[in-house]
Amino acid sequence: MSSQLKRIAVLTTGGDCPGLNAAIRAVVRTAIHHGLEVTGVLHGYDGLIAGDFISLKNENVSNILQRGGTILKTARSDKFKSEDGMNQAAEQLKMQNIDALVVIGGDGSFRGAQKFSDAHGISVMGIPKTIDNDIYGTDNSIGFDTAVNTVVQAVDKIRDTAASHDRLFFVEVMGRDSGMIAMMSGIAVGAEAILIPETETRIEQLVKILERGWKRKKTSMIVLVAEGDEAGGAYKIAGEVKKRFSQFETRVSVLGHMQRGGSPTCADRVLASRLGVAAVEGLLEGRRNEMAGLIDNKVIFTSLKEVTTRKKTMDNTLVRIASVLSQ
Ligand code: F6P
């Protein structure tokens with residue numbers, strides 16, 4: 001591979017998730033393999049503006065593949081949304097002779113990256129990460145597989161106590177705008193109902209499903225609620241249901257940030273490794289302002305413009321499967 005690139009920078013931005021360290025390691029080792037120098041940017045775009053940089057060598061990314069979180073730290077940056085912030089960030093990159101930036105982030109971060117690149121001509125390559133799995137241009141984003149496995153483990157445990165006490169549980173999982181975590185983990189735990197922002201939630205309909213379960217002598221029931229469901233969070237929905245269906249004792253469990261931590265699964269480690277390699281080699285091939293994703297098990301590059309303007313949709317067959325199997 002011949003290229004003008006000499007030095008690249010890498011950062012993690014937005015909410016953390018398992019697999020970020022695996023992606024950082026892959027970026028650093030691939031870059032060094034191809035003779036590039038690598039700068040790590042701490043604290044996401046805020047660190048880019050502040051010049052919070054470290055030099056990364058192979059040894060700096062040893063023994064991090066299996067760890068949750070991010071050695072580079074992360075942040076959601078308001079400063080980077082301003083013209084001033086972007087100017088300062090561009091100045092910092094110029095001072096360090098950095099030719100390209102690898103952004104391990106979500107669609108909000110890519111929107112910023114695209115704007116930054118348009119304004120300052122800096123080459124950007126995206127790697128998709130978020131437990132929510134709502135980024136267009138990849139089947140799975142880094143972190144999703146680990147998060148759903150965390151949810152499955154937690155809800156299996158909740159099922160034990162629900163069955164022992166004959167209880168109905170409402171379990172809230174993350175997903176501000178997306179029901180991917182709820183849907184996937186809901187199928188995996190045999191949830192009686194899965195409430196997601198992509199489909200309309202009707203309390204009367206939900207009550208009918210629960211009554212059906214009660215009539216056929218189910219001893220416990222689980223309703224998975226995505227936090228972004230338009231009918232409200234788990235507490236609100238549980239309250240509404242209770243007014244109409246009181247056959248079971250009801251409890252609510254909000255899983256929260258435990259979904260964002262932990263050691264990445266094999267699938268997330270391999271995904272992060274493949275995308276980290278692809279991102280650097282994509283830059284070396286001359287690709288600019290694209291995101292490396294995995295579609296049908298193949299690395300596919302999609303322009304950041306497309307990634308940030310198109311919406312990933314819920315697979316309706318999953319909705320149907322969940323409904324058929326929950327009877
Ligand atoms: O975007 C990922 C996500 O985990 C969402 O599902 C959730 O709503 C949000 O981050 C929580 O963000 P914070 O860590 O800022 O509370």
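Just so you know, ligand 1 is whichever comes first in the structure, and atom 1 is the first atom listed for that ligand. On a predicted model such as this, the values are computed, not experimentally measured, just so you know.
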Looking at atom 12 (O) of ligand 1, what's its closest protein heavy atom, distance included?
R76 NH2, 2.8 Å

Side chain, backbone, both or neither: E227 near ligand 1, heavy atoms under 4.0 Å
side chain

Is there a donor-acceptor contact under 3.5 Å linking the side chains of N133 and K312?
yes

Just to confirm my output: which protein heavy-atom neighbour is closest to atom 10 (O) of ligand 1, and how far is it?
R260 NH1, 3.0 Å

So does E211 pair up with K208, basic N to acidic O under 4.0 Å?
no

Atom 16 (O) of ligand 1: nearest protein contact (heavy atom, Å)
H257 NE2, 3.2 Å

The closest protein heavy-atom partner of atom 5 (C) of ligand 1 is D132 OD2, 3.4 Å

Can you see whether F248 has R167 sitting over its ring - NZ or CZ less than 6.0 Å from the centre and within 45° of the normal?
no

Looking only at distance, does M174 have an N or O less than 3.5 Å from an N or O of ligand 1?
no

Could you tell me whether K81 and D78 make a salt bridge, using a distance below 4.0 angstrom between a side-chain N and a carboxylate O?
yes

Please list, in number order, the atoms of ligand 1 under 4.0 Å from a heavy atom of I131.
4 (O)

One residue to check: I181. Relative to ligand 1, which of side chain, backbone, both or neither has a non-hydrogen atom less than 4.0 Å away?
neither

For salt bridge (Lys or Arg N to Asp or Glu O under 4.0 Å), just list the numbers for K236 and E240, CA-CA rounded to whole Å, side-chain angles, deciding distance to a tenth of an Å, and then say yes or no.
CA-CA 6 Å; K236 177 152 185 252; E240 291 300 317; 5.9 Å; no

Check this for me, if you would: do R176 and E227 make a salt bridge, where the nitrogen-to-carboxylate-oxygen distance has to be below 4.0 angstrom?
no

Which ligand 1 atoms, with their elements, are less than 4.0 angstrom from a heavy-atom of G175?
6 (O)

Of all residues at least two apart in sequence or in a different chain, which pass the ring-ring contact (aromatic ring centres under 6.0 Å, His included) check with H120?
F116

